[in-house]
Amino acid sequence: MAPAHLDIDMKPQAVDIVRNAISAVSPKAMIENVLLYNQTTSTLNLHNRQYKINKNVFIVGFGNSVLGMARVVEDMLGEHVVTGIISIPSGLKQETVKAYDNDRFLSLKTKLQVYEVAENNVIDEAGHNASKAIHRLVSNLTESDVLIVLCTAGGSALCPSPRPPITLQELNFTIKLLNENGANTKEVNTLRKNLETLKGGGLALAARPAKIISLILSSVMGDKADLVASGPTCLTQPSPHHCLEILHRLHIIDKVPANVKRFLEREANLINATKVMSVQDPLKAKTERDKAWEDVQNVIVGNNSIACQAAAKRASELGYFPLVLTTVLTGEAKDLGVLFTKLAKFIMICYDRRAGMEPNPELSMLEVELVAGGIKKQWMNHIATSVYKAHNMNKNICIISGGEIDVNVIGNGIGGKNTETALSAALQMYEEFRVKQMNVKECSVCFLSVDSDGMDGITKVAGAVVDQTFLDEVDKSKLDMKPYLLNNDSYTFFKQVKDGKYLVQTNLTGTDIMDLTVLIVKQPTETKYFWK
Ligand SMILES: O=C(O)[C@H](O)CO
């Protein structure tokens, strides 16, 4: 007989675990974890630095999640905020007020001006106006002012600032071309840093001599601060040669606007000429350059790993044996769904101590498949040891991962990368545990995949959760998962099963640390490798 806690429904618990993860990176938690305002001494503390506050705070921000962050900072500093500007995606204000009334929007007394720009994520004139207004605001700051910059994903497109003579249309065309020709975020943002005034440290330079605090919500792998919103406050060397190399490599050098190409070539020549003529002592040049950045403090306030740790803590409170597998998960939705189900199968075999001790050809084969699918060899050992420990403690294992899921869109259905990952996992569970092993009725696996911003692709849900009961419902509905999966129509599929009960809804979360997955695998009810 399995202990009572092993019989509980894992779905609400998996949802509870990700809700906790997302809460840990909510605007309030993120800001209040790092930024402390001491009213008695009128100082603002951020890590090891103190800032004198006396009606001298200015706020600027751009990104999909800056709205909530701006609200928290403004609430904290109240009368000390002089003014500010934030640039957010068009329609976000309405969505936020609809979901949360005014709680997550700026207060009625706000001193911040909000620009809603970039409809459908396309650079536009409204965004350009926002960037010009931000530039004007920061250019007038003095040494005694404190500028708080809020940066999150999406910031690049929300604050376009083409360097003259490049026009907004030329910048837009170049970015579109890069995206359409397979450039990754790093490459696109490298171009942005070189072609735009406020990117690649430009905002910080324009705001000198003010003190600058940049609060960055990371939604990029490896938390590279300069990649978020193209690093407006990060020290960056101009790299026109690299830009030209990217354009050549992607075979778009002759397709970018002539003005852009000319601009980059001229910048590259300038650098070449300076190198030849430079008689400066490199050490001295470095010290001067570094001094200029002493008044800039860049801090990552939220990321995937904070969220995964919070998920692990919650899983442990719920009685699971948690394991954070990775915070840099990558892969295509359909492939990841298959991979996580295979991982579940591997764990099930490992749970059986006898199978663990005896050579098991199925286990060895699974190991090879998992490693080929992207699960690192050392992770496999870690998983096997964790399963062994969980077994001894009579606990179920809960594997948490965070990262960026991709999706290959070939169909015309409705879905997001997370609903697609969950549907793919369900299809694989069906095949592994119900088709291949006909005598097994129990499939003690629960898998959940969500987008932390609460909007999976074009859907209004965060993702989906699947388990054995889902497979039962699919059986009852007589629906076939495969064609939906092939048509990228996972949302439509989930909608039809039990009226969408297996979809995970979080509303707009006001944050974004990419995607999160939870895999719970119950211990077998018998010690024997139990589906044979
Ligand atoms: O805005 C951007 O540059 C991307 O979303 C990465 O932050």
Side-chain angles (χ1 to χ4, degrees), residues 25 27 30 60-70 86-90 92 115-124 126-128 130-131 134 149-162 168 171-172 174-180 182-204 214-234 236 239 243 246 298-304 307 327-328 330 402-406 417 451-457 508-515:
V25 284
M30 279 189 302
V60 297
F62 20 81
N64 301 339
S65 315
V66 294
L67 187 55
M69 292 166 80
I86 58 169
S87 181
I88 61 171
S90 169
L92 184 63
Y115 281 74
E116 285 199 88
V117 314
E119 195 145 2
N120 300 322
N121 207 19
V122 177
I123 294 172
D124 62 8
H128 197 193
S131 88
I134 287 175
V149 182
L150 308 170
C151 275
T152 77
S156 295
L158 296 171
C159 195
S161 53
L168 185 72
L171 175 70
N172 194 6
T174 308
I175 303 299
K176 200 163 158 267
L177 208 57
L178 283 159
N179 284 326
E180 285 170 359
N184 59 31
T185 308
K186 191 167 176 212
E187 290 165 337
V188 176
N189 285 3
T190 299
L191 266 292
R192 282 177 153 139
K193 286 177 195 174
N194 283 274
L195 299 177
E196 295 190 44
T197 313
L198 297 181
K199 310 276 157 76
L203 177 71
S214 190
L215 305 177
I216 301 160
L217 169 60
S218 165
S219 56
V220 290
M221 298 286 202
D223 293 336
K224 289 211 164 294
D226 69 316
L227 278 190
V228 181
S230 306
T233 55
C234 298
T236 315
S239 54
C243 293
I246 294 170
N298 287 306
V299 175
I300 301 257
V301 292
N303 64 11
N304 201 286
T327 55
V328 289
T330 50
E404 177 95 84
I405 301 175
D406 300 323
K417 50 194 180 166
D451 191 327
S452 60
D453 69 6
M455 298 282 144
D456 188 32
L508 278 176
T509 61
T511 189
D512 183 5
I513 43 91
M514 302 181 281
D515 305 303

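Nothing here was measured: the structure is a model prediction, and the numbers come from that model. FYI, side chains are in, hydrogens and waters are out, and symmetry mates aren't considered; it's all heavy atoms of this structure. Order of appearance sets the numbers: ligands from 1, and atoms from 1 within every ligand.
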[X], any N or O under 3.5 Å of ligand 1 N or O:
X	result
V228	no
V220	no
N189	yes
T185	no

**Report entry** Other residues, nucleotides, ligands: >12 heavy atoms within 6.0 Å of E180 CD
**Finding:** yes
Query - Identity and distance of the protein heavy atom lying nearest atom 4 (C) of ligand 1 - result: G154 N, 3.8 Å
Report task. Check each atom of ligand 1 against the heavy atoms of S156 and keep those under 4.0 Å away; list them by number with element. Result -> 1 (O), 2 (C), 3 (O)
Report summary line: Per-atom filter on ligand 1: closer than 4.0 angstrom to a heavy atom of L227 are 3 (O), 6 (C), 7 (O)
Query - Any donor-acceptor N or O pair under 3.5 Å, side chains S239, N194 - result: yes
Requested in this report: Work out which heavy atom in P162 is nearest to a heavy atom in L171; give both atom names and the distance.
Outcome: CD-CD2, 4.1 Å
**Report entry** Sidechain N-carboxylate O distance under 4.0 Å for D456, K417
**Finding:** no
Query - pair S156-K199: side-chain heavy atoms closer than 4.5 Å - result: yes
Requested in this report: With the side chain counted from C-beta on, respond yes when V117 and S90 share a heavy-atom pair under 4.5 Å apart, and no when they do not.
Outcome: no
Query raised in the report: ligand 1 versus A229, non-hydrogen atoms closer than 4.0 Å: side chain, backbone, both, neither?
Result: backbone
